[in-house]
> 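Please see the structure below; I have some questions.
In what follows, chains are A, B, ... by sequence order, proteins preceding strands, each numbered from 1. Please read these numbers as outputs of a predicted model, since none were measured by experiment.
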Number of protein chains: 2
Amino acid sequence: MNEDTRLTQGRVTAAMIADRANVSRVAVSRAFNPHTSLKAEKRELILRIAQELNYTPDRAARALVSGRSHLVGVIVPDVCSHWESQEIDALTTALQNEGFATLLFKTRTDFSMDEKLLAYMRGFNPDSVVAFVENVKPATLARFLDRAVPIYVHYPSSDEDDQPETGPLHDRMNVLQRAGVEQAVALLQGYGARRIAYVSGVNKSRANTAREQMLRLVMAERGLPPPIIAPSDFSYDRAYGATLDLFRLEGGADAIFAANDVGAFGVLDALRHELGLRVPEDVKVVGFDDIAQSHWKSYNLTTVKFDLKDRVSALVRLILRRLNNPDAPALQETLQTRLVVRGTVG
Amino acid sequence: MNEDTRLTQGRVTAAMIADRANVSRVAVSRAFNPHTSLKAEKRELILRIAQELNYTPDRAARALVSGRSHLVGVIVPDVCSHWESQEIDALTTALQNEGFATLLFKTRTDFSMDEKLLAYMRGFNPDSVVAFVENVKPATLARFLDRAVPIYVHYPSSDEDDQPETGPLHDRMNVLQRAGVEQAVALLQGYGARRIAYVSGVNKSRANTAREQMLRLVMAERGLPPPIIAPSDFSYDRAYGATLDLFRLEGGADAIFAANDVGAFGVLDALRHELGLRVPEDVKVVGFDDIAQSHWKSYNLTTVKFDLKDRVSALVRLILRRLNNPDAPALQETLQTRLVVRGTVG
DNA sequence: TTGTAGGCGTTATCAT
DNA sequence: ATGATAACGCCTACAA
């Protein structure tokens with residue numbers, strides 16, 4: 001019994017529990033798997049002893065034999081982007097409740113995903129992968145993920161957009177932006193705005209192009225001239241600079257639509273603190289996301305809301321459905337947007 | 001050769017590489033471990049084939065035999081707290097560069113750590129654990145972590161504080177707050193502030209008590225009356241409310257010291273947008289952290305800086321040193337603070 | 001309900 | 001320098 005000398009230092013195995021409880025190792029395994037048959041009192045005994053000895057089944061060993069790591073890889077360019085951090089937070093909570101853990105990976109901030117990173121990540125064998133990154137072809141992703149099926153965020157420009165599936169299998173989260181953008185444009189129009197600018201996100205990103213296109217479409221439908229594009233990259237600092245340029249070099253605008261809320265904050269600060277303009281009296285501002293900071297008094301931003309809770313539950317549903325049925329055809333979830341009216345339009 | 005039917009679907013093992021390269025499985029293993037002896041050209045061949053077939057060694061299997069998961073558990077109450085998200089971001093990057101991945105766990109936001117969570121986490125066998133959580137005794141943590149040694153953040157109130165080590169082994173990151181707080185108080189005093197309030201963080205948290213105590217100490221040394229305590233919890237909303245109470249019920253203050261930057265934003269917005277006071281003319285405000293948002297024009301906050309890069313490299317150093325030498329005596333790293341002067345004092 | 005045997009993919013040990 | 005063999009800790013047959 002003096003085997004707890006070196007090897008044991010802090011590592012409790014099923015075999016030890018089996019010894020203490022006078023049962024076989026298999027019984028211990030069964031005690032931790034609810035859907036196996038084991039006499040109730042025996043299970044209780046084992047679990048009690050396990051708790052006393054602080055034993056938990058080793059997930060690495062379990063993964064080896066079961067093919068499930070219970071790890072979900074999350075790839076982000078920037079954890080501290082407000083929207084991303086809020087989504088990671090909610091996602092981690094939700095996954096944890098389902099018995100999964102979040103494995104975080106950082107990629108470069110230029111929204112390009114590295115093959116090296118993918119290879120690195122694959123070594124950890126995630127059961128699923130969520131990528132907050134764009135410009136990765138499903139084919140590339142599929143090459144690096146064996147059992148995981150990628151989930152893409154898609155922004156249909158028409159609500160009845162129904163393209164046929166092509167290429168390797170992937171699941172999809174459709175975000176319908178029309179409603180929110182339409183409400184925003186109508187509101188701006190109602191307050192007399194005509195010359196509307198768009199302070200963009202990262203140029204190549206799909207979220208950005210989708211937002212710009214939808215804005216362009218809706219404005220055309222409502223008889224407005226096309227938006228003036230002020231190039232930016234979703235960040236506070238560049239949105240700030242883009243706004244200065246817009247007013248100093250391009251003749252300004254009645255209203256500004258920012259590609260995200262953080263960008264809208266930059267727009268607001270540039271207008272008020274550097275250009276000496278009043279919001280909403282002189283210029284109206286609308287953002288996109290509705291992050292927690294948007295209600296802060298200094299900004300109090302009118303914005304197109306992307307419901308975080310809805311989004312995360314859709315994501316978790318997709319992940320779990322796919323895991324429970326790996327051979328299912330492409331899955332889809334659909335999300336809506338809507339305008340949250342606060343103080344920057346009026 | 002038709003074994004790539006079902007089992008193979010997307011899973012490439014060392015054995016397959018060995019087959020293709022006409023070598024043993026062991027050779028494949030060696031090819032991926034730099035410090036083993038293998039003829040250079042053979043290693044190249046193997047690595048080339050591995051790359052063609054998208055093979056990476058399975059870390060779960062590796063962990064089983066090597067006892068290293070290359071996983072670092074991170075426990076946070078709230079991923080989207082600004083400071084935390086920035087630290088998680090930097091930490092993930094740094095760890096990734098060292099071959100580790102970040103495993104994220106969320107605990108309740110009340111700063112209490114759950115034994116259930118610890119047991120859950122242990123199942124994943126992290127090599128190390130960083131807890132952004134307080135009120136956990138080293139003993140509790142140690143009970144749930146076998147090979148990992150916890151790292152504590154310590155705030156000595158005197159710079160020569162040298163308590164003898166007690167209890168189970170743990171490493172320590174000492175944060176010397178005196179310099180930053182002294183500079184802040186001196187600056188406030190220099191601008192004539194005398195009645196100074198402290199909008200606190202979560203009451204039970206060590207970071208909060210340490211900041212409050214240091215403030216009290218420094219103010220006493222400089223002949224100021226003790227600070228007026230306005231209870232809050234590090235959040236924007238409660239700091240906002242605490243500021244209203246302070247001015248409506250407690251007679252206000254010349255200057256406000258907030259327990260963190262986000263709290264300071266709440267203070268600023270309450271002062272300016274609800275109480276109609278000017279900052280810094282009527283009231284001066286100092287924060288704590290220096291997060292990225294603090295330089296945004298709407299806030300432009302004077303704050304006690306906690307250098308993020310320093311902090312993360314100290315953390316990574318501690319983790320790696322401990323991993324390379326599990327039996328080392330308690331390790332320590334020491335960090336400084338300093339005042340960053342912007343526009344909210346003057 | 002219970003136990004025995006075998007295998008998951010890798011690395012360590014010991015030969016050669 | 002290389003290869004056979006035995007772990008690592010667990011789960012899933014299969015048999016009792």
> Ignoring the backbone of A/V65, work out which of C/dT10, C/dG3, D/dC10 is nearest its side chain.
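Nearest to the side chain of A/V65 among the choices is D/dC10.
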> Working to the nearest 0.5 Å, report the span between OG of A/S69 and CG of A/N125.
6.0 Å
> To the nearest Å, give me how far apart CG (B/N33) and P (D/dA1) are.
15 Å
> Just wondering, more than 12 heavy atoms not from B/R206 lying within 6.0 Å of its CZ?
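Correct, the count exceeds 12.
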> side-chain contact (heavy atoms from CB on, under 4.5 Å) for A/L118 and A/I75? Distances and angles first, verdict last.
CA-CA 9 Å; A/L118 287 175; A/I75 306 179; 4.2 Å; yes
> If I take atom CZ in residue A/R68 and atom P in nucleotide D/dT12, what distance separates them, rounded to the nearest angstrom?
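Roughly 12 Å, once rounded to whole Å.
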> Do B/V12 and B/I17 come close enough that some side-chain heavy atom pair is under 4.5 Å?
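The answer is yes, as the side chains (C-beta and beyond) meet within the 4.5 Å cut-off.
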> Closest approach to the side chain of A/A61, judged atom by atom: which nucleotide of D/dC10, D/dT2, C/dG9 is it?
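Taking heavy atoms from C-beta onward, the closest nucleotide is D/dC10.
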> Could you state the atom-to-atom distance from CZ of A/R25 to C1' of C/dT1 in whole Å?
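Between C1' of C/dT1 and CZ of A/R25: 19 Å.
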> Is there a side-chain contact between A/V74 and A/E84 in this structure, where contact means two heavy atoms from C-beta onward sitting under 4.5 Å apart?
no
> Output all residues satisfying ring pair (Phe, Tyr, Trp, His ring centres under 6.0 Å) with B/F32, sequence neighbours left out; order by chain, then residue number.
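For B/F32 the ring pair (Phe, Tyr, Trp, His ring centres under 6.0 Å) partners, ignoring immediate neighbours, are B/Y55.
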> Are any non-hydrogen side-chain atoms of A/R122 and B/N54 less than 4.5 angstrom apart?
yes
> Is it true that A/E44 and A/R48 have a side-chain N and a carboxylate O under 4.0 angstrom from each other?
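No, A/E44 and A/R48 are not salt-bridged.
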> Listed in order of residue number, which residues of residues 35-59 of chain A have a non-hydrogen atom at under 4.0 Å from DNA chain D?
A/Y55, A/P57, A/D58
> Output the rounded distance in Å from CG (A/L64) to P (C/dG9).
7 Å
> Take the protein atom CZ of A/R30 and the nucleotide atom P of D/dC14, then report the distance between them rounded to whole Å.
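It is 14 Å, rounded to the nearest whole Å.
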> Check whether any side-chain nitrogen or oxygen of A/S29 sits under 4.0 Å from OP1 or OP2 of D/dC11, and answer yes or no.
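Answer yes for this pair, as a side-chain N or O of A/S29 is under 4.0 Å from OP1 or OP2.
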> Estimate the overall bend of the helix from C/dT1-D/dA16 to C/dT16-D/dA1 from the end axes over five pairs each, rounded to 10 degrees.
40°
> Side chain of A/V26: nearest nucleotide among D/dG9, C/dT10, C/dG3?
C/dG3
> Checking B/I88 against B/L104 for the side-chain contact (heavy atoms from CB on, under 4.5 Å) test, could you report, in this order, the C-alpha distance in whole Å, the side-chain angles of both residues, the deciding distance, and whether it holds?
CA-CA 9 Å; B/I88 292 172; B/L104 211 55; 4.3 Å; yes
